[in-house]
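Contents: one structure, followed by commentary.
First the proteins, then the strands, lettered A, B, ... as listed; each starts at 1.
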Number of protein chains: 2
Amino acid sequence: MKNLLYLKDEQIKDCIQLLLYAYRETFSDPLEILKKNSLGAAHYRTLHLVERNEGINVNELLIKLKITKQSLNRVLKELKRLKLIKQVRDKNDTRRKLLYLDQNGKKFYQEVFEIQKKRIFNALKHSDSDSVIKFKEVLKKIINGKK
Amino acid sequence: MKNLLYLKDEQIKDCIQLLLYAYRETFSDPLEILKKNSLGAAHYRTLHLVERNEGINVNELLIKLKITKQSLNRVLKELKRLKLIKQVRDKNDTRRKLLYLDQNGKKFYQEVFEIQKKRIFNALKHSDSDSVIKFKEVLKKIINGKK
DNA sequence: TATTTTGGTCAGATATGTTGACATATTTTA
DNA sequence: TAAAATATGTCAACATATCTGACCAAAATA
């Protein structure tokens, strides 16, 4: 049996701390430009998910964000007011409202993403393909909570 | 020149999303037990850093946490009140107060950590040593913002 | 027709952060 | 030694992002 050094408590604590710092830095980079537009991290998370899931409805978005609809509603209200996001009634089920980035929204999202991208881009640029694949694999296992 | 597929925007967005989800899941696991003890994520972050840096002073802790001293003070006040953390004057510079986990604090921290640990432990258990090393390497590059 | 689903809203509470001002003790520097 | 810098703590006001709970309306479904 191999000696699983990387399963020791100290190693796990290391991972947790790295995860915290990496998250914090990655998501603090865009805060300045968001603030200039009187938006926050919550708005950006929503923009990001809508950009990656054009036509998503409110319920699905709630599940991905894991927040309450009251919280999301405030965010969506502001994004709609600023014409960054538009809602279109689903023709098959007119209760549903499908979310899309508006013209403004696409432009603004891209602008913010470019700032956030830099940090990840540079990190990946200095890693090889195999490292990036393994990096993502471990993240996925953390998310899915494999037993 | 190799085709750097993993540097494309869609791949970067993938990474950002994985990082967000992995962070969120990892730090939401302990919230329940923290809440039972009328503490929050901020208190746990402080406990974690003190546990990993016994004898750290307030200023150094502030730098690691990247928050204001007023914010930290509220957290520390509660942790001291609950006898989870103790402060000892630095003999060499009696302005400084060094932070340590109190007996209670060690026990409580361990209890919370065990809950948070599970998710990471299981993820690493299903990964090989090389993957874990590369996972941490990429995280470090993200944190340090290598150019 | 009765129930469920989807989306929206109001009010109040909590957690975590911010600024700015100020106080006190101690150490360092000019 | 006097002045400046450092380390810590505190007060007050405010900003933000979340939560819970109650409630409503429109549309789809059983």
Side-chain angles (χ1 to χ4, degrees), chain A residues 20 23-24 27-28 30-50 55-82 85-100, chain B residues 20 23-24 27-28 30-50 55-82 85-100:
Chain A
L20 167 63
Y23 167 81
R24 187 181 62 186
F27 283 86
S28 68
L31 289 183
E32 198 187 330
I33 184 173
L34 286 166
K35 199 164 188 180
K36 268 187 203 150
N37 291 268
S38 46
L39 296 173
H43 303 92
Y44 182 55
R45 281 198 294 276
T46 294
L47 284 178
H48 172 95
L49 282 173
V50 171
I56 193 174
N57 69 30
V58 176
N59 250 332
E60 287 165 348
L61 189 54
L62 278 175
I63 291 162
K64 285 186 192 289
L65 285 169
K66 286 202 183 177
I67 55 173
T68 59
K69 66 172 175 173
Q70 294 91 326
S71 296
L72 177 57
N73 219 264
R74 183 160 20 81
V75 169
L76 280 182
K77 211 186 284 180
E78 294 168 74
L79 290 175
K80 283 185 275 182
R81 187 174 52 77
L82 294 170
I85 269 188
K86 61 183 172 192
Q87 281 185 321
V88 180
R89 284 205 175 275
D90 184 342
K91 282 167 192 169
N92 301 319
D93 183 343
T94 56
R95 288 173 305 181
R96 291 188 170 202
K97 295 181 182 173
L98 311 181
L99 298 166
Y100 296 90
Chain B
L20 167 62
Y23 166 81
R24 186 180 64 189
F27 284 87
S28 68
L31 289 183
E32 197 186 332
I33 185 174
L34 286 167
K35 197 164 189 180
K36 268 187 204 151
N37 291 268
S38 47
L39 296 173
H43 302 93
Y44 183 55
R45 281 198 294 277
T46 293
L47 284 177
H48 173 94
L49 283 174
V50 171
I56 194 174
N57 68 32
V58 176
N59 249 333
E60 286 165 348
L61 188 55
L62 279 174
I63 289 163
K64 285 185 191 290
L65 286 169
K66 285 202 184 176
I67 56 173
T68 58
K69 66 172 176 173
Q70 293 92 327
S71 296
L72 176 57
N73 219 262
R74 190 174 31 212
V75 170
L76 279 182
K77 210 187 281 181
E78 293 168 73
L79 291 175
K80 283 185 276 182
R81 186 175 52 78
L82 295 170
I85 269 189
K86 63 183 171 193
Q87 281 185 320
V88 180
R89 284 204 174 276
D90 184 344
K91 282 168 192 167
N92 301 319
D93 182 344
T94 56
R95 288 173 305 181
R96 291 188 171 198
K97 294 182 182 172
L98 310 182
L99 299 166
Y100 296 90

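Residue B:Glu78 is out of contact with every strand shown, counting any heavy-atom pair closer than 4.0 Å. Across all strands, A:Gln87 comes closer than 4.0 Å only to sugar-phosphate atoms, never to a base (heavy-atom distances). Counting non-hydrogen atoms under 4.0 angstrom, A:Arg89 reaches nothing in the nucleic acid. Residue-level contact check: A:Lys80 touches the backbone only, with heavy atoms under 4.0 Å from sugar-phosphate atoms and none from bases.
One can place CG of A:Leu39 at 9 Å from P of D:dA17, the figure rounded to the nearest angstrom. Rounded to whole angstrom, the span from the CZ atom of B:Arg81 across to the P atom of D:dT10 amounts to 13 Å. Whole-Å rounding puts the B:Glu32 CD to D:dC19 P distance at 15 Å. In this structure, A:Leu76 atom CG and D:dA17 atom P are separated by 14 Å, rounded to whole Å. The CG-P distance, from B:Leu34 to C:dT14, rounds to 18 Å in whole Å. Between A:Asn57 atom CG and C:dT5 atom C1' there is a gap of 11 Å when expressed in whole angstrom units. Per the geometry, NZ belonging to B:Lys35 stands 10 Å off C1' belonging to C:dA15, to the nearest Å. Between B:Ile67 atom CD1 and D:dT16 atom C1' the separation is 15 Å, expressed in whole Å.
The shortest distance between the side-chain N/O atoms of A:Asn73 and the OP1/OP2 oxygens of C:dG7 is not below 4.0 Å. Close to C:dT18, at under 4.0 Å from its OP1 or OP2, lies a side-chain N or O of B:Thr68. An OP1 or OP2 oxygen of C:dT16 is reached within less than 4.0 angstrom by a side-chain nitrogen or oxygen of B:His43. Between A:Ser71 and D:dA17 there is no side-chain N or O to OP1 or OP2 distance below 4.0 Å. The side chain of A:Arg96 contributes no N or O atom lying less than 4.0 Å from OP1 or OP2 of C:dG8. The shortest distance between the side-chain N/O atoms of B:Asn59 and the OP1/OP2 oxygens of D:dT8 is below 4.0 Å. Within the 4.0 Å cut-off from OP1 or OP2 of C:dG8, at least one side-chain nitrogen or oxygen of A:Lys97 is found.
Note that CZ of B:Arg89 and CG of B:Leu98 are 10.0 Å apart. Values are rounded to the nearest 0.5 Å. Taking OG1 of A:Thr46 as the start and CG of A:Leu39 as the end, the distance is 10.5 Å to the nearest 0.5 Å. Once rounded to the nearest 0.5 Å, the distance linking NE2 of A:His43 with CG of A:Leu76 reads 9.0 Å. Note: B:Asn73 CG to B:Ile67 CD1 = 10.0 Å, rounded to the nearest 0.5 Å. Atom CD1 of A:Ile56 is separated from atom CG of A:Leu99 by 7.5 Å, given to the nearest 0.5 angstrom. Atom OH of residue A:Tyr44 and atom CD1 of residue A:Ile33 lie 10.0 Å apart, to the nearest 0.5 angstrom.
Listed here is the closest heavy atom pair of A:Leu82 and A:Asn37: CD1-O, 4.3 Å. The nearest pair of heavy atoms linking B:Ala41 to B:Leu31 is CB-CD2, 4.0 Å.
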Kindly indicate, with the supporting measurements, whether the criterion side-chain contact (heavy atoms from CB on, under 4.5 Å) is fulfilled by B:Leu62 and B:Asn59.
-> CA-CA 5 Å; B:Leu62 279 174; B:Asn59 249 333; 3.9 Å; yes
For the pair A:Tyr100 and A:Val88, evaluate side-chain contact (heavy atoms from CB on, under 4.5 Å) and give the outcome as yes or no after the intermediate values.
-> CA-CA 8 Å; A:Tyr100 296 90; A:Val88 180; 3.9 Å; yes
Please produce a list of atom pairs where a protein N or O lies less than 3.5 Å from an N or O of nucleotides 22-25 of chain D.
{"residue": "D:dA22", "atom": "N6", "partner": "A:Gln70", "partner atom": "NE2", "Å": "3.4"}

Show the distances under 3.5 angstrom between N or O atoms of the protein and N or O atoms of nucleotides 27-30 of chain C.
{"residue": "C:dT27", "atom": "OP1", "partner": "B:Thr94", "partner atom": "N", "Å": "3.0"}
{"residue": "C:dT27", "atom": "OP1", "partner": "B:Thr94", "partner atom": "OG1", "Å": "3.1"}
{"residue": "C:dT27", "atom": "O4'", "partner": "B:Arg95", "partner atom": "NE", "Å": "3.4"}

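Looking at heavy atoms from C-beta onward, B:Lys66 lies in side-chain contact with A:Arg24 at the 4.5 angstrom threshold.
Among the candidates A:Arg95, A:Lys97, A:Lys91, the single residue satisfying the salt bridge (charged side-chain N to carboxylate O under 4.0 Å, His left out) test with A:Asp93 is A:Arg95.
Helix bend of the helix from C:dT1-D:dA30 to C:dA30-D:dT1: the angle between its two end axes, each built from five pairs, comes to 30° after rounding to 10°.
Without hydrogens or angle criteria, A:Arg45 side chain to B:Leu20 main chain gives no donor-acceptor distance under 3.5 Å.
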